[in-house]
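First the structure, in the form of structure tokens, and then the observations on it.
Numbered from 1 within each chain, the chains take letters A, B, ... in sequence-line order.
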Protein chains: 2
Amino acid sequence: MLKRRNTTTKEAVLSVLTSKRRAMSQDAIMQQIGVNADRATIYRVLNRFCEDGLVHKIIAEDGKQYFAVCMKCDETKLADNHFHFRCTSCQTIECLPEAVHFSVPNGYNVESVNCVLTGVCPQCS
Amino acid sequence: MLKRRNTTTKEAVLSVLTSKRRAMSQDAIMQQIGVNADRATIYRVLNRFCEDGLVHKIIAEDGKQYFAVCMKCDETKLADNHFHFRCTSCQTIECLPEAVHFSVPNGYNVESVNCVLTGVCPQCS
DNA sequence: TTGTTATTGCAACATTGTTGCAATAGTTTA
DNA sequence: TAAACTATTGCAACAATGTTGCAATAACAA
């Protein structure tokens, strides 16, 4: 593992993600961030966060990647096995407290879980 | 709604989807299909199937659209509320019999559900 | 067979995400 | 503080996926 350095962009991205407490896409982060940063840089920062386990990635029904510092995950150690809610109005994804329960037929080896509910969140409706 | 016409491409796409009994991406369909068809045409055929309720669309963790004539869905009327399994080896998505059960906090209006488990299927492992 | 129009092929485009490379800037060491 | 090392950046180019406009084609009804 490489030695991480503290950079303006890195701190700004983490700041936005922690303050919003939502999963955001690269373009949403780029808009909210205060500093000028290249698209590629933001992706690289986010992917580094994922590698380091700081942030997790969700793929929504729009096919886009959303990144979140999931507070509830850390507390309850649910890791990726919880539902996410994507609001089509404010374009953010929230982690729901609801855990994903499932069982699969024999022989299926589940490596990752991606459950996204889409609709309108309370704040927007 | 427009009057649908029967075309070679339309029938070939439906044939592949029904015989494979898996959710497939546009490029997988293009490979399996016997006839020459444009990429855009296949997408249009698939989207028409979705509009007509013949096929449903799943977004996987690779961000791609997968299309399936889900047999089990029709039988049990589970519609979209079931788990899907994407095999990273054979690159197809299967509908699992397991239904998705969830509850959301008050105020959340869920419009669609997308649950994909990713891993390796019995045939590939 | 003819007319209507749904469908196609092609090209162009938009979006999202990644990668190569030289330049920049953290961090450590002297 | 200055120099060395190298993680990170910006830029451009690229790949992949999906959509759209438009003229040409072909399915279907009369």
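Aromatic ring centres of A:Y108 and B:F85 lie closer together than 6.0 Å. B:H82 and B:H101 have their aromatic ring centers separated by at least 6.0 angstrom.
Protein atom CG of B:L46 is 10 Å distant from nucleotide atom P of D:dT19, rounded to whole Å. For B:D38 and D:dA23, the CG to P distance is 17 Å, given to the nearest whole Å. Counting to the nearest Å, the C1' atom of D:dT9 and the CG atom of A:N6 are 15 Å from each other. Between the P atom of D:dC11 and the CD1 atom of A:I42 lies a distance of 12 Å, rounded to the nearest Å. Rounded to whole Å, the distance from NZ on A:K64 to C1' on C:dA14 is 12 Å. Atom OH of A:Y66 and atom P of C:dT15 are 14 Å apart (whole Å). Distance, B:K3 NZ to D:dA27 P: 17 Å, rounded to whole Å. In this structure, A:M30 atom CE and D:dG10 atom C1' are separated by 12 Å, rounded to whole Å.
A salt bridge between A:D27 and A:R39 is absent, with no side-chain N of the basic residue lying under 4.0 Å from a carboxylate O of the acidic one.
Where B:R39 and B:K10 each meet DNA chain C at their nearest nucleotide, the meeting point lying more 5' is that of B:K10. Projected onto DNA chain C by closest heavy-atom contact, A:Q26 and B:A40 fall at different nucleotides, the more 5' of which corresponds to B:A40.
When distances are taken from the side chain of B:R48 to each of C:dT7, D:dT19, D:dT17, the shortest belongs to C:dT7.
Under 3.5 Å, the side chain of A:R44 and the base of C:dT18 form no donor-acceptor pair of N or O atoms. Residue A:R5 places a side-chain atom within donor-acceptor reach of the base of D:dT6, judged by atom type and a 3.5 Å distance cut-off alone.
Within the 4.0 Å cut-off from OP1 or OP2 of D:dT9, at least one side-chain nitrogen or oxygen of A:T7 is found. Listed pair A:R4 / D:dT8 meets the phosphate criterion, a side-chain N or O lying under 4.0 Å from OP1 or OP2. Residue A:Y43 has no polar side-chain atom (N or O) positioned under 4.0 Å from OP1 or OP2 of C:dT18.
Closest approach of A:I33 to A:V16, counting heavy atoms only: CA-CG2, 4.0 Å.
Within 4.0 Å of B:S25, counting heavy atoms only, lies no atom of the nucleic acid at all. B:D62 comes within contact range of no nucleotide atom at all, as no heavy-atom separation falls under 4.0 Å.
Considering CG of A:N36 and OG1 of A:T41, their distance stands at 11.0 Å, rounded to 0.5 Å.
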